[in-house]
Amino acid sequence: MGFFGWGIVGLTAASLGSATAPLAVSAVTSNQLAPSDAWEGYKLRLEVLARQEGVRDATIQANLPNLTKNDRIIELERTEPVAQTSNGVIGALSPYLRSHVTASLVRRGRGNYSENYTALGRLESRYGVDPAVLMAIWGLETSYGTVTGNTDLLQALASLGYYGRRRELFESEFVAALKLIDEGVPRWRLKGSWAGATGYPQFMPSVALRLRADGDGDGYADIWTNELDGLASIASYLRDAGWKPNVAWGVPVRTPSNLNRAAIANRTTAQRCPQVYRRLSRWLTMREWRALGVNPVDRSLPDNEMASLIEPDGPDQTAYLLTSNYRAILDYNCSNFYAISVGVLADAIARR
Ligand SMILES: [Ca+2]
């Protein structure tokens, strides 16, 4: 499907019941449209989608007519390899950890942790998620709130939908961003990364709608300027992704040279980001891992805890046994290097 393939299939003007219903854009062929007309036509499609999803008319009228296209963002989407994004990282984990889990992130994470110690304890009792993990995700996503992105989300998401490589995704996120405005979030607050992630937790708008949470108890979930709301929202996400209280994300281990890797290989194919899950072994209990000679480097996990093995840098290097909570971190950002970085940073923050 090319640029102009967004015919308003099934979205007729009559179904809108609106005086401002768009013309049948699909009837116009691409060679009759100047680029600016094409953009205006595409905005009519977004308007139809937004109305169908119940976005308020005032929100649509205030934000769509003047919306402009951002070609720089389209260029970023055009050149980003979708299959690889952040998870197809080729290379070794140890240099990645050195450049991502920096001394500065550890130091600032410890500072933030102790400054908010009591409030973080409250978040842990409410959500059951280890506060050091919340801190680590906040640190890795936005350098503790200092780098949250300045791109206008509506413009970015509409431009990405217009370009069309991942149209369905970006269109539904565009509508979700309008719904955030419906809920009272000011338009100027909706800034983020070029791909649509916003606020301290770097949530996509649909996730912000569903899972943002109030961490400081003022009754409002402000993921853009309130640290505790940002951390509570990360906790809310991880709990929703299946986080189990009082279980570590994983532990570093040493593997014996005679480990039978074929015997522990994972034979299932994950639905979501299979190339990431493929690197994880099948599940065994800690007791079974020890019997195979896979031993924790320092602290351990309970004997009956299930864990899967990853050897990111191959045999004879530090490997990790990972619990189900590691998979909740993968749900947040599906990259093994990212999720291990979160765990390693969290451990460093907690080790005070
Ligand atoms: Ca709040």
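Values reported hereafter were calculated over all heavy atoms of this structure, with side chains retained and with hydrogens, waters and symmetry mates removed. Counting starts at 1 for both ligands and their atoms, in listed order.
- Using the six-membered ring where Trp is involved, Y332 and F203 have ring planes that are tilted, between 30° and 60° apart.
- With a 4.5 Å cut-off on side-chain heavy atoms, L105 and L140 count as touching.
- The Ca ion (ligand 1) is closest to atom OD1 of D216 (considering only N, O or S atoms).
- Residue contacts to the Ca ion (ligand 1): D229 brings an N, O or S atom closer than 3.0 Å.
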Subject >> CA sep, side-chain torsions, deciding dist, call: E80, R165, salt bridge (charged side-chain N to carboxylate O under 4.0 Å, His left out) >> reply: CA-CA 11 Å; E80 186 188 59; R165 184 159 62 155; 5.2 Å; no
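- Classification of the H100-Y96 ring pair by plane angle, with boundaries at 30° and 60°, yields parallel.
- When the N, O or S atoms of D218 are ranked by distance to the Ca ion (ligand 1), OD1 comes first.
- In D214, the N, O or S atom that comes nearest to the Ca ion (ligand 1) is OD1.
- Ring geometry for W138 against Y144 counts as perpendicular: the plane angle is over 60°, on a 0 to 90° scale with 30° as the lower cut.
- Taking 3.0 Å as the criterion, N226 does not count as a coordinating residue of the Ca ion (ligand 1), since none of its N, O or S atoms falls below it.
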